[in-house]
J.: 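Pasting in a structure now, in structure tokens, and then I'll have a few things to ask.
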Amino acid sequence: MSAVVRRLLFALGVLAAVNLVALAIFLGWLFATERMDGERFGELRALVFTPIPEARARREHLEAEEQRVASMEIERVRLATPPRTAGERAAEIDRALDQAQIRQRMVLEEARLLGRSLDERATLLRDEEAAFERQVAARRAQLDTDEASRRDQQFRRTVALLEGASPRQAKEWIVEAARGGRIDDAVRYLEQMSRFNANRILREMKSAEEAALAADLLHALQGRGGHAHSNAPHR
């Protein structure tokens, strides 16, 4: 054997040894990191060392065996189940119809309950609206009462001020109210005053315009059943 052949064989031996060491390290790493165990190693070895035709034949044999077992199980169940008579089939149909009717009644009952719930909610809403309207009406009535009371108090204070003021100043207020379109207020002021104070104010109306106003006020007072003022100025 020549030196060249010996060196080639040595190199091949070294390369094979290195590959074996690398393979051993790789397998050790797989086992150490739990990526490989005995079962997986056996499956890998069977996959590598089993020819493809043999593996295909084995798989087909297993599938055929599984199908055979499944067919036998189906046949066993079929044989164990006695054939149904016409009466049994009719009874089964009746049971199915009864279940369908029960489901239908349940649906109708749910719909009825839902409708009643909606009606109750509508009634409750109407009651709440009516209660709210009553509260609003009561509030408005209270506001009207308060406003009337306030106006009455304001009216009484105005009458007191007119009676406490000088006749000329009180006359000016009465005349201003009448000129402003509040003739009814002027009549009411005079009506609520004492006869003495009302006569003093009317006697202060000396001009032709004021005398005409005084006559109108006296006429209104007589129509309301107020004071019968005898000392009022005449036109």
Side-chain angles (χ1 to χ4, degrees), residues 1-140:
M1 184 180 297
S2 64
V4 175
V5 175
R6 285 197 301 272
R7 285 196 297 270
L8 181 58
L9 292 176
F10 178 77
L12 291 175
V14 172
L15 182 60
V18 171
N19 288 332
L20 288 175
V21 172
L23 179 60
I25 293 173
F26 178 70
L27 289 175
W29 175 78
L30 290 176
F31 279 98
T33 56
E34 296 184 353
R35 288 176 172 82
M36 182 68 71
D37 56 9
E39 183 178 356
R40 284 189 175 183
F41 184 75
E43 293 175 356
L44 179 61
R45 184 176 59 182
L47 180 63
V48 172
F49 292 102
T50 301
I52 293 178
E54 182 181 349
R56 184 183 297 113
R58 183 180 300 175
R59 184 172 63 253
E60 292 175 354
H61 175 73
L62 290 176
E63 291 176 356
E65 184 65 19
E66 291 176 357
Q67 185 176 1
R68 188 183 66 83
V69 172
S71 299
M72 291 176 60
E73 182 65 20
I74 294 174
E75 184 66 16
R76 185 186 66 80
V77 173
R78 188 184 67 81
L79 293 175
T81 303
R84 293 182 300 170
T85 63
E88 291 174 342
R89 288 195 294 269
E92 185 177 354
I93 294 174
D94 291 338
R95 287 194 298 270
L97 290 176
D98 291 340
Q99 292 177 358
Q101 291 177 356
I102 292 173
R103 287 194 296 269
Q104 183 181 13
R105 286 196 295 268
M106 291 176 62
V107 171
L108 292 176
E109 181 65 16
E110 290 178 358
R112 187 184 66 82
L113 293 176
L114 179 60
R116 187 175 68 180
S117 177
L118 293 176
D119 292 339
E120 291 176 352
R121 291 182 181 179
T123 302
L124 180 60
L125 180 60
R126 287 194 295 269
D127 293 343
E128 291 178 352
E129 290 179 351
F132 177 74
E133 291 177 356
R134 289 194 297 269
Q135 291 178 357
V136 171
R139 180 59 179 168
R140 288 177 178 172

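The first residue in the sequence is number 1, and the count goes up from there.
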J.: Would you compute the distance between atom CD1 of I102 and atom CG of L97 and round it to the nearest 0.5 angstrom?
T.: 11.0 Å

J.: How many angstroms lie between atom CG of L113 and atom CG of L108, to the nearest 0.5 angstrom?
T.: 11.0 Å

J.: Kindly state each residue pair satisfying side-chain hydrogen bond (donor to acceptor under 3.5 Å, both in side chains) with at least one member in residues 12-33, sequence neighbours excluded.
T.: T33-R35

J.: Quick one: list whatever passes side-chain hydrogen bond (donor to acceptor under 3.5 Å, both in side chains) with R126, sequence neighbours left out.
T.: T123

J.: Mind jotting down which residue pairs meet the side-chain hydrogen bond (donor to acceptor under 3.5 Å, both in side chains) criterion with at least one end in residues 98-110? Sequence neighbours excluded, please.
T.: E109-R112

J.: Salt bridge (charged side-chain N to carboxylate O under 4.0 Å, His left out) with E128: which residues, sequence neighbours excluded?
T.: none

J.: Which residues pass the salt bridge (charged side-chain N to carboxylate O under 4.0 Å, His left out) test with R56, sequence neighbours left out?
T.: none

J.: Anything under 3.5 Å between a donor and an acceptor, one on a side chain of residues 60-68, the other on a protein residue two or more places apart or in another chain? List them.
T.:
{"unit_1": "E65", "atom_1": "OE1", "unit_2": "R68", "atom_2": "NE", "d": "3.4"}
{"unit_1": "E65", "atom_1": "OE2", "unit_2": "R68", "atom_2": "NH2", "d": "2.4"}

